[in-house]
Amino acid sequence: MTNLSPLQSAPTAPTDPVLQAAQQVLRVRPSPPRAWPTGTVSTTFDIEAPAGWPDGPRVPVTLHRRGEGPAALLVHGWQSQAADLMPLGDALIAAGFSVWAPDLPGHGHSGGRHLAIPQAATALREIGRLAGPFALAIGHSYGGASLVHALAQGLAVQRVVLLAAPTHYGQFVRLAARQRGLDAAQTEALLARLHEVTGEHPDRIDMARQAEALSAPALLMHSADDTVVPAAGLHAVAQRWRGARWHPLEGLGHFRLLDDPGVLQTIRRFAAESPPPAALSAAAA
């Protein structure tokens, strides 16, 4: 018997509301890939996917690199792409960093059509093996949640910035279930289905729990008027993360903070506190 994906195997799949909800949670509808400036070095590598992953056993991920200096990792959000963080990348390059910015699976120049936080974290850990420890890592929205999941699994980063990040994957899934009108039993079936297909239960991807084991200096920024991801979750995480700084914002919503001059300046000041390259190399050794 062929080992098919849990998202594809059942004969009744087209009318199965749990299957449809799982597809909604995992399926990416990205914008067209954007061009990168001259001098950008872009490379592609494969990551392993869980057994039965709908895009196959391996997924190609494209990584863009610009600048010279200590490495800074930039992680974009859901249905976004690395090029959307270019204003932030430009600010960091001007401050003397090299920028490493992947298109997560299903986004930008990368392959696949599906993504879950465990697979995004797998890509980030592979980049960590390629680039060595990072002086700085910044994640926006879904990318921030993916970054913290990778940190909890051993990604080496000196300083962390989270921008408008959601904090509980299980709650994200339950919201999708409510939007599709699933009842309590169907919602539990959806969570179990995603556990099966991603390899991790969504309720285990809980940033408040993960933050209790993290100690890297962190800057957490969120605008109070964000209607996509409420700021209360990240505020609560800041209270549990040793060494975290909570920096509330006003009037920037979910996306405008990505190119706001005040936000960029705050991040540059925080990034400037990173150890110099020699100290970073010593820490890696």
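Here the structure is a predicted model, which means the values were calculated and not measured. These values consider heavy atoms only, across backbone and side chains, with no hydrogens, waters or symmetry-generated copies.
With rounding to the nearest 0.5 angstrom, the CD1 atom of Ile205 is 7.5 Å from the CD atom of Gln210. Separation of atoms CG (Leu163) and CG (Leu88) is listed at 7.0 Å; rounding is to 0.5 Å.
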### Task
Give the C-alpha distance, both sets of side-chain angles, the deciding distance and a yes or no for side chain to side chain donor-acceptor pair (under 3.5 Å) between Asp103 and His109.
CA-CA 6 Å; Asp103 286 318; His109 297 266; 4.7 Å; no
### Query
Going through the distances and angles, do Gln179 and Arg174 end up as a side-chain contact (heavy atoms from CB on, under 4.5 Å)?
CA-CA 9 Å; Gln179 290 173 340; Arg174 288 179 174 84; over 6 Å; no
### Verdict with supporting geometry, His64 and Ser42, side chain to side chain donor-acceptor pair (under 3.5 Å)
CA-CA 4 Å; His64 311 279; Ser42 298; 2.7 Å; yes
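Aromatic ring pairs are classed by plane angle as parallel below 30°, tilted from 30° to 60° and perpendicular above 60°; the pair His76 and His107 is tilted. Between Trp100 and Phe134, the angle of the ring planes goes over 60°, which puts this pair in the perpendicular group of the 30/60° scheme. Between Trp78 and Tyr142, the ring planes are tilted. Angles from 30° to 60° get that label.
At least one donor-acceptor pair closer than 3.5 Å links the side chain of His222 to the backbone N or O of Val229. Of the possible donor and acceptor atoms, one in the side chain of Thr266 sits under 3.5 Å from a partner among the backbone N and O of Gly262. The main-chain N or O of Leu194 is found under 3.5 Å from a side-chain atom of Thr198 such that the two form a donor-acceptor pair. Under the 3.5 Å distance criterion, the side-chain polar atoms of Ser110 are matched with a main-chain donor or acceptor of Thr62.
Grouped with Val41 in a hydrophobic cluster is no other residue, since no side-chain heavy-atom contact under 4.5 Å to another Ile, Leu, Val, Met, Phe, Trp or Tyr is found. Using a 4.5 Å cut-off between side-chain heavy atoms of Ile, Leu, Val, Met, Phe, Trp and Tyr, Leu175 forms no hydrophobic cluster with any other residue.
Residue pairs meeting the side-chain hydrogen bond (donor to acceptor under 3.5 Å, both in side chains) criterion with at least one member in residues 160-169: none, sequence neighbours excluded.
Judged by the 6.0 Å and 45° rule, Arg159 forms a cation-pi pair with Phe270.
For His254 and Ser141, the side-chain atoms include at least one donor-acceptor pair closer than 3.5 Å. For Arg34 and Gln81, the side-chain atoms include no donor-acceptor pair closer than 3.5 Å. In this structure, a donor-acceptor pair under 3.5 Å is absent between the side chains of Gln79 and Ser31.
In this structure, Val197 and His114 have side chains that are not in contact, with every pair of non-hydrogen atoms separated by 4.5 Å or more. Considering only heavy atoms from C-beta on, His247 stays 4.5 Å or farther from Val263 through its side chain. In this structure, Leu219 and Met221 have side chains that are in contact, with non-hydrogen atoms separated by less than 4.5 Å. Taking the side chain as every heavy atom from C-beta outward, Asp260 and Leu249 never approach each other to under 4.5 Å.
Ion pairing between a basic and an acidic side chain is recognised when a charged N comes within 4.0 Å of a carboxylate O; Glu273 and Arg245 show such pairing. Salt bridge annotation for Arg209-Asp203: absent, with no cationic side-chain nitrogen under 4.0 angstrom from a carboxylate oxygen. A salt bridge is absent between Arg178 and Asp183: the closest approach of a Lys/Arg side-chain nitrogen to an acidic carboxylate oxygen does not fall below 4.0 angstrom.
With hydrophobic clusters built from ILVMFWY side chains whose heavy atoms lie under 4.5 angstrom apart, Trp53 shares a cluster with Ile47. Both Leu191 and Leu26 are assigned to one and the same hydrophobic cluster, defined by single-linkage of ILVMFWY side chains at heavy-atom distances under 4.5 Å.
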